[in-house]
Trainee: 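Here you go, one structure.
Letters A, B, ... are given to chains in the order of the sequence lines, protein chains preceding strands, and every chain is numbered from 1. All figures in this text were calculated on a predicted structure; none of them were measured in a lab.
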2 protein chains.
Amino acid sequence: MIELKRRAMATDHTRTAILSAAERLYAERGFSDVTLRDIVAEANVNLAAVNYHFGSKDELIAELFVTRSIVLNHERLAELKAAEDAGGGRAPIEAVMRALVGPTLRGCLGPEKQRSTAARFMIRASIEAVPPIRKIRNREISHLRRFAAAMRRALPGCADVDIYWGLHFALAMAHQTIRDSERLDKLSEGLCDLDDVDGVIDRVVAVTTLALTAGRPKTSKAVTSRDRTGT
Amino acid sequence: MIELKRRAMATDHTRTAILSAAERLYAERGFSDVTLRDIVAEANVNLAAVNYHFGSKDELIAELFVTRSIVLNHERLAELKAAEDAGGGRAPIEAVMRALVGPTLRGCLGPEKQRSTAARFMIRASIEAVPPIRKIRNREISHLRRFAAAMRRALPGCADVDIYWGLHFALAMAHQTIRDSERLDKLSEGLCDLDDVDGVIDRVVAVTTLALTAGRPKTSKAVTSRDRTGT
DNA sequence: GATAGTTTCATACAACTGTTTGAAATGCAA
DNA sequence: TTGCATTTCAAACAGTTGTATGAAACTATC
């Protein structure tokens, strides 16, 4: 029976072709205007193959999303762990935020040809929030909580409410920069260099860190401002 | 012929009913899963009325979007002008940012019953970016440029590139807070009070202002931090 | 009250969607 | 090769979509 499985998995040409064609098309055009017929055409397989291998369109999307979620979360956590290990169990807030927004930004920005379809697919998923995805997306919360915890460790004196807002804003900036890079490019007439991925990451991290550390004694060097401007 | 027009415009019951039903449904459920049949059912009019009065579904959406764009832009600019008048032609950066993000946030957050369908429709429009809307959306750029100009006046020493990034990040934070308020609520377990609209606005304005003024001499009181953490 | 113009209505249309079907093809063990 | 399970395929299905049609209802002018 091991033999049976191996064969079934080894020559999964059709299954794999569907998955990668679907991911590519969804990443490019979004869920709402990619049909199963588009996908099977791109994958060069028969229309019925989707339902045969995945059961339904929604299950195909779900499988795609679950797979990519796991990968992305692993990337983030690996980067976080590396930073914490380097700091003897406690990573500076900059490194925590970098681990949070870095993987996605690196995957979605930069010169056209080196952008990953995987990352762009994930952005689509979080933009369109189609039903099969919405159902699974709850587990993202517990993943983000691990980052909230790391942020707390980095900023012991920081109130929880500020941690969450900081986390939220960091994702917001990263996210929207990917989503609306075209508008920013037009608005700034090319002044904002969206191909400079590290520069963008630095900016997001800097703003977030600033927001989180302003009005706080802060352990290390860096910011020393006194009061928050609003409120 | 004046009579003709007046009658036609005065008793536009059907046209108006379609517009408001469509706006309500689109705001609630998004463009992709609201059909013309849903709209005419909600409006209690005949299916053919949409094509009769608007020509096509896309033209209906476009008219809705154009109308609301104009209103929103007016609101923002009025708030900006009021602030600039109060400051003798130069509004402080906090006021500029507040005029930018305030109208939308006030329209989309806060207690359920007082949210405006108009604002939520506009958020949907900027999220889903359906074809008829994408075509018109370019004029938004020139509107945003007026805010960039006001920001420049408020922060004379600030580099243009930072202005644009600040503008972009402010919109990103406001936008995403509306889009994903549910996630932030769950993540923070209710700690982040999304019904406190003014509090949210203050936060967005504060973070943006901080990012824009950090590492700058700054004319007035407020922040006196020395260096930016990144880059 | 007849007429001409506007608006409503039920209905049909053609195109497209995801899914199902049953037969053909394929691969592998005996 | 024979037999059996897996996989592919063309075709059809039932449902939904936006749009078009032509007759009916309405409204205001003569």
Trainee: Would you say the ring centers of A:Phe147 and A:Tyr164 fall short of 6.0 Å from each other?
Mentor: no
Trainee: Rounded to whole angstroms, how far apart are CZ on A:Arg15 and P on D:dT8?
Mentor: 12 Å
Trainee: How close or far is atom C1' of D:dT19 from atom CG of B:Asn51, stated in whole angstroms?
Mentor: 5 Å
Trainee: Out of B:Leu171, B:Leu80, B:Leu105, which residue meets the side chain to side chain contact (heavy atoms under 4.5 Å, CB included) rule with B:Leu100?
Mentor: B:Leu171
Trainee: Does a side-chain N or O from A:Asn46 land closer than 4.0 Å to OP1 or OP2 of D:dT7, or not?
Mentor: no
Trainee: With a non-hydrogen cut-off below 4.0 angstrom, is B:Ala49 in contact with a base, only sugar-phosphate, or nothing?
Mentor: nothing
Trainee: Parallel, tilted or perpendicular, judged at 30° and 60°: which one describes the rings of A:Phe121 and A:Phe65?
Mentor: tilted
Trainee: Please state how far atom CD1 in A:Ile39 lies from atom P in C:dT19, giving the value in whole angstrom units.
Mentor: 11 Å
Trainee: From the set C:dT19, D:dA20, D:dA10, return the single nucleotide nearest to any side-chain atom of A:Ala48.
Mentor: D:dA10
Trainee: The side chain of B:Leu47 is closest to which nucleotide in this list: C:dT6, D:dT19, C:dT19?
Mentor: D:dT19
Trainee: Between D:dA20 atom P and B:Phe54 atom CZ, what is the distance in whole Å?
Mentor: 16 Å
Trainee: B:Glu59 CD to D:dA20 P: how many Å, rounded?
Mentor: 10 Å
Trainee: It should be established whether A:Thr14 places a side-chain nitrogen or oxygen under 4.0 Å from OP1 or OP2 of nucleotide D:dT7.
Mentor: no
Trainee: If only side-chain N and O atoms count, and only distance matters, is there a donor-acceptor pair under 3.5 Å linking A:Thr14 with A:His53?
Mentor: no
Trainee: In this structure, how many angstroms lie between the C1' atom of C:dG27 and the NE2 atom of A:His13, rounded?
Mentor: 16 Å
Trainee: Any chance the side chains of A:Glu23 and A:Ser20 put a donor and an acceptor closer than 3.5 Å?
Mentor: no
Trainee: Please give, in whole Å, the distance from D:dT19 P to B:Arg37 CZ?
Mentor: 11 Å
Trainee: Any side-chain N or O of B:His53 less than 4.0 Å from the OP1 or OP2 oxygen of C:dT8?
Mentor: yes
Trainee: Without decimals, in angstroms, what is the distance between A:Asp38 CG and C:dC16 C1'?
Mentor: 11 Å
